[in-house]
Peer 1: 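My questions will all concern the structure given below.
By convention here, the first residue in the shown sequence is residue 1. Predicted model only: the values in this text are computed from it and were never measured.
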Amino acid sequence: MRSFLLKRLPSGLLVLLLASFLVFLILRLIPGDPATTLAGPDAGPQAVAAIRARLGLDQPLLSQYLSWLGHLLTGDLGPSYAIGGQVADLIGDGLGATVQLTAAALLLVVLLALPLGVLGATARRRPVAAAVRAFTTAVLAVPPFVTGVLLVLLFAVTLGLLPAGGHESLLDAPDLALQYLLLPAVCLALPSAAVLARYLTDGIERALAEDYVRTATAVGVPRRRIVWRHALPNALPSAVTVLGLQIGHLVAGAVLVERIFAWPGLGQLVEQGVLRRDYPVVQALLLLIVAGYVAVQLLTDLAYAWLDPRIRWE
């Protein structure tokens, strides 16, 4: 396993380096100037130039990038241009809430996709399998912001069962925190659960069409045992790969879902950073997302090799 990790570590570091350059460059290509935003609409050219010099924005782009990268390697994310405070402190304030939401959504993805995938592949009645496919299609077709509004209207406004938005610490009030967490986690999890369920359904159907399944059926092995002991394990490696990809979608989708449910995570920080042209905040957040995605893909490769005995660590 050590050699497996060592082989993939350089490629992961290269991805992070390229991502840092692309993030830095793309932000500079977006129309707008942080110095102009900070100076205000009535500021003169001299005031704007002074702010640009103070922020180091008057330097060549390559010099700005190398300076930012050097500070980044030492763990110094620098100060925020417009929001105020250190970037590391701003990210630390919202990171816990975003991780909590993403982890809850990931758990729901697995809990929803597993029974839906198995049911879609093994249902003997066609209407049941058709209903599963119709549900996954509908979930994928409806945007998350529409799903979020519908969930709020149904469970918060009409039924009054759950709060429409907000946040509470799991340590201070676990029961209340779960009530605040449920709707945004479901909204975030549904599209990824539908994708994973479809891959599981296809994988189980392919496994059930193999010759060894026909042989096992002919000798009287119960169908439930065939599904859970043979077909499902054969479908899991590819499903784990898909799940790893969906984690990236969960992190990206959390930005929108947090806005809908007033969840105090990194989504609001991203929005403020983009609107106010706060380069250090947006750069750090986007690079953090890429780093998390690279780590998830590495873990996905490890899980794939563990589930599939044909794959070796070497």
Peer 1: Measuring from atom CG of L162 to atom CG of L178, what distance do you get when rounded to the nearest 0.5 angstrom?
Peer 2: 10.5 Å

Peer 1: Side-chain heavy atoms nearer than 4.5 Å, only ILVMFWY residues, links allowed to pass through others: does that put I289 and V281 together?
Peer 2: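 They do not share one cluster, since no chain of ILVMFWY contacts under 4.5 Å joins I289 to V281.
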
Peer 1: From R52 CZ over to T36 OG1, what is the distance, rounded to the nearest 0.5 angstrom?
Peer 2: 7.5 Å

Peer 1: Check whether Q59 reaches the backbone of Q64 with its side chain - one donor and one acceptor, N or O, closer than 3.5 Å.
Peer 2: no

Peer 1: Report whether V251 and L22 are members of the same hydrophobic cluster (ILVMFWY, side-chain heavy atoms less than 4.5 Å apart, transitive linking).
Peer 2: no

Peer 1: Has the side chain of D278 got a donor or acceptor atom that lies under 3.5 Å from a matching backbone atom of I83?
Peer 2: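 Checking the backbone N and O of I83 against the side chain of D278, a donor-acceptor pair under 3.5 Å is found.
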
Peer 1: Could you tell me whether the side chain of T158 and the main chain of L153 form a donor-acceptor pair under 3.5 Å?
Peer 2: yes

Peer 1: Going by heavy atoms in the side chains, are L77 and L72 under 4.5 Å from each other?
Peer 2: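 SC-SC contact between L77 and L72 confirmed.
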
Peer 1: Apply the test side chain to side chain donor-acceptor pair (under 3.5 Å) to residues T122 and R224: give CA-CA distance (whole Å), side-chain angles for both, the deciding distance (0.1 Å), then the verdict.
Peer 2: CA-CA 9 Å; T122 61; R224 178 176 298 181; over 6 Å; no

Peer 1: Working to the nearest 0.5 Å, report the span between CG of L200 and CG of L119.
Peer 2: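 Between atom CG of L200 and atom CG of L119 there are 12.0 Å.
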
Peer 1: Do you know which two heavy atoms are closest between A194 and V139, and how far apart they sit?
Peer 2: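 Closest heavy-atom pair between A194 and V139: CB-CG1, 4.1 Å.
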
Peer 1: To the nearest 0.5 Å, how far apart are CG in L245 and OH in Y293?
Peer 2: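 Taking CG in L245 and OH in Y293, the distance rounds to 4.5 Å.
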
Peer 1: Quick one: does S20's side chain have a donor or acceptor within less than 3.5 Å of a partner on L17's backbone?
Peer 2: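 Flag set: sc S20 to bb L17 pair under 3.5 Å.
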
Peer 1: If I take atom CZ from residue R214 and atom CG from residue L208, how far apart are they, to the nearest 0.5 angstrom?
Peer 2: 10.0 Å

Peer 1: Check whether T102 reaches the backbone of V99 with its side chain - one donor and one acceptor, N or O, closer than 3.5 Å.
Peer 2: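 Side chain of T102 to backbone of V99, a donor-acceptor pair under 3.5 Å: no, none is there.
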
Peer 1: Does any N or O in the side chain of S192 come within less than 3.5 Å of the main-chain N or O of A189, such that one atom is a donor and the other an acceptor?
Peer 2: no

Peer 1: Is the backbone of L266 close enough, under 3.5 Å, to the side chain of E258 for a donor and an acceptor to pair up by distance?
Peer 2: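 The answer is yes, because a donor-acceptor pair under 3.5 Å joins these two groups.
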
Peer 1: Parallel, tilted or perpendicular for W68 and F24, by the 30°/60° rule?
Peer 2: parallel

Peer 1: Which pair of non-hydrogen atoms, one from V87 and one from S80, has the smallest distance, and what is that distance?
Peer 2: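 Looks like CG2-N, 3.9 Å.
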
Peer 1: Taking T74 for its side chain and H71 for its backbone only, find out whether a donor-acceptor pair lies under 3.5 Å.
Peer 2: yes

Peer 1: Can you measure from OH (Y279) to CG (L55) and round to the nearest 0.5 angstrom?
Peer 2: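 Y279 OH to L55 CG: 10.5 Å, rounded to 0.5 Å.
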
Peer 1: Is Q297 reaching over with its side chain to a backbone N or O of G244, donor-acceptor style, under 3.5 angstrom?
Peer 2: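 Yes, Q297 side chain to G244 backbone: donor-acceptor pair under 3.5 Å.
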
Peer 1: Give the cluster check for L25 versus V274: same hydrophobic cluster or not, with ILVMFWY residues linked at side-chain heavy-atom distances below 4.5 Å.
Peer 2: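 Yes; tracing contacts between hydrophobic side chains, which count when under 4.5 Å, links both residues.
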
Peer 1: Taking T201 for its side chain and A197 for its backbone only, find out whether a donor-acceptor pair lies under 3.5 Å.
Peer 2: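 Confirmed, T201 side chain pairs with A197 backbone.
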
Peer 1: I need the single residue from F261, Y180, W263 that forms a ring pair (Phe, Tyr, Trp, His ring centres under 6.0 Å) with H167. Which is it?
Peer 2: W263

